[in-house]
Number of protein chains: 2
Amino acid sequence: MHPLTIGKLAKQADLSVETLRYYERLGLIAPQQRSEAGYRLYEPGIVRRLRFIRRAQALGFSLGEIAELLALSGDPAASAGEVKALTQAKIADIEQRIRDLERMREALAGLAEHCPGHRATTVDCPILGALNGEDQ
Amino acid sequence: MHPLTIGKLAKQADLSVETLRYYERLGLIAPQQRSEAGYRLYEPGIVRRLRFIRRAQALGFSLGEIAELLALSGDPAASAGEVKALTQAKIADIEQRIRDLERMREALAGLAEHCPGHRATTVDCPILGALNGEDQ
DNA sequence: CTTGACCCTGTAGTCGACTACAGGGTCTAG
DNA sequence: CTAGACCCTGTAGTCGACTACAGGGTCAAG
């Protein structure tokens with residue numbers, strides 16, 4: 001388990017080499033050192049950091065937000081309150097998106113319900129009618 | 001209410017001139033004719049079509065899907081079934097996104113609940129702990 | 001000592017829905 | 001007749017998260 005080259009790390013983390021270099025550009029990861037030829041060399045612990053990134057992504061955090069979380073995570077003096085605040089902002093954001101989607105779903109379901117489907121032409125389609133602004 | 005130039009139409013529809021030209025590139029709208037100087041001239045009824053586009057967007061349809069809806073809408077021989085199918089596919093899509101967001105929200109809420117906030121440092125933050133893969 | 005797998009940098013493309021010019025031509029009010 | 005508001009085409013930039021080269025250099029196996 002000595003330093004990993006970027007290709008080995010990519011395989012371990014199930015990410016592409018390009019993605020790793022992209023994360024480096026964003027400041028999310030960095031190689032521990034470079035070889036004489038300029039090759040990136042990573043310590044094996046970086047795999048954990050990449051898992052952190054993936055988990056946070058799955059929870060809806062952007063890479064920019066993940067950079068903040070990683071910075072807080074690396075600072076033992078930082079307050080957990082900041083992490084909590086980021087988390088609660090993300091929850092609020094997600095809840096807003098859910099509400100928007102639910103409004104759409106209800107509107108669409110209401111329209112689909114009254115559409116006779118294959119028994120009618122588009123002329124009598126209430127969905128198109130609504131989009132055209134018929135009634136209200 | 002004679003032919004509208006693109007600037008007048010933009011004002012009526014509360015869209016930018018650039019957006020209108022963009023919609024034209026996508027095939028969503030077209031000027032009825034061109035003036036001698038090459039100016040786009042729209043019949044006033046185009047405003048309805050733009051409202052259709054905006055309503056469909058608010059319901060979650062992409063501009064590509066809206067192009068399909070408009071094509072169906074303009075073809076009186078087309079079946080309302082196709083419109084209904086597009087609508088139901090969109091409902092399914094939205095429901096999937098809601099489910100994904102709800103899973104995120106619940107995971108985040110569960111983490112936030114156990115975070116002591118400002119009373120602890122990031123070392124003891126269960127949110128960062130979870131992202132780092134502690135437990136499970 | 002060569003072949004092929006790896007690595008480097010830097011740039012550009014993808015998706016969707018715009019937005020912003022640059023470098024022209026046209027139209028209208030005073 | 002001219003200033004300024006309008007219009008044209010064509011190209012490029014924005015956001016986020018990648019993805020895909022091109023044109024090099026490096027390394028290990030046979």
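Below, chain A is the first sequence line, B the second, and so on; all start at residue 1.
As rounded to whole Å, 13 Å separates atom C1' of D:dC15 from atom CG of A:Leu63. When the C1' atom of D:dC18 is taken as reference, atom CD of A:Glu24 falls 16 Å away, rounded to whole Å. Between the CG atom of B:Leu15 and the C1' atom of C:dC18 there is a distance of 11 Å, given to the nearest Å. Between the CG atom of B:Asp93 and the C1' atom of C:dG16 there is a distance of 14 Å, given to the nearest Å. The nearest whole Å value for the distance from the CG atom in A:Leu20 to the P atom in C:dT9 is 13 Å. Distance CG (B:Leu26) to P (C:dC15): 13 Å, rounded to an integer number of Å. Between B:Asp14 atom CG and C:dC18 atom P there is a gap of 12 Å when expressed in whole angstrom units. Atom CZ of B:Phe61 and atom P of C:dA17 are 13 Å apart (whole Å).
A:Arg99 and A:Gln96 form a side-chain donor-acceptor contact under 3.5 Å, judged by distance and modelled atom types alone.
Counting heavy atoms from C-beta on, the side chains of A:Tyr23 and A:Arg25 never come closer than 4.5 Å. Contact of the A:Leu28 side chain with the A:Tyr22 side chain is not registered, since no non-hydrogen atoms from C-beta on lie closer than 4.5 Å.
The side chain of A:Thr19 lies closest to D:dT19, out of C:dC7, D:dT19, C:dC18. Looking at the side chain of A:Ile6, the nearest of the listed nucleotides C:dC7, D:dC6, D:dC8 is C:dC7. Listed nucleotides D:dT19, D:dC18, C:dA17 differ in distance to B:Tyr22; the shortest reach to its side chain belongs to C:dA17. In this structure, the nucleotide among C:dC8, D:dT9, C:dA17 sitting nearest to the side chain of B:Ser62 is C:dA17.
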CA sep, side-chain torsions, deciding dist, call: B:Asp100, B:Arg97, salt bridge (charged side-chain N to carboxylate O under 4.0 Å, His left out):
CA-CA 5 Å; B:Asp100 290 347; B:Arg97 280 154 66 196; over 6 Å; no
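Between A:Arg40 and C:dC8, a side-chain N or O to OP1/OP2 separation shorter than 4.0 Å is present. The side chain of B:Tyr23 places no N or O atom within less than 4.0 Å of a non-bridging phosphate oxygen (OP1 or OP2) of C:dA17. A sub-4.0 Å separation between OP1 or OP2 of D:dC7 and a side-chain N or O of B:Thr5 is present.
Taking a 6.0 Å sphere around CZ of B:Arg119, one finds it holds 12 or fewer heavy atoms contributed by other residues, nucleotides or ligands.
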Taking protein heavy atoms under 4.0 Å as touching, what does nucleotides 20-30 of chain C look like 5' to 3' if B marks base contact, S marks sugar-phosphate-only contact and - marks none?
B----BBS---
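For A:Thr122 (side chain) and A:Cys125 (main-chain N/O), no donor-acceptor pair under 3.5 Å exists by modelled atom type. A donor-acceptor pair is defined here as one N or O able to donate and one able to accept, closer than 3.5 Å; such a pair exists between the side chain of A:Asn132 and the backbone of A:Leu128.
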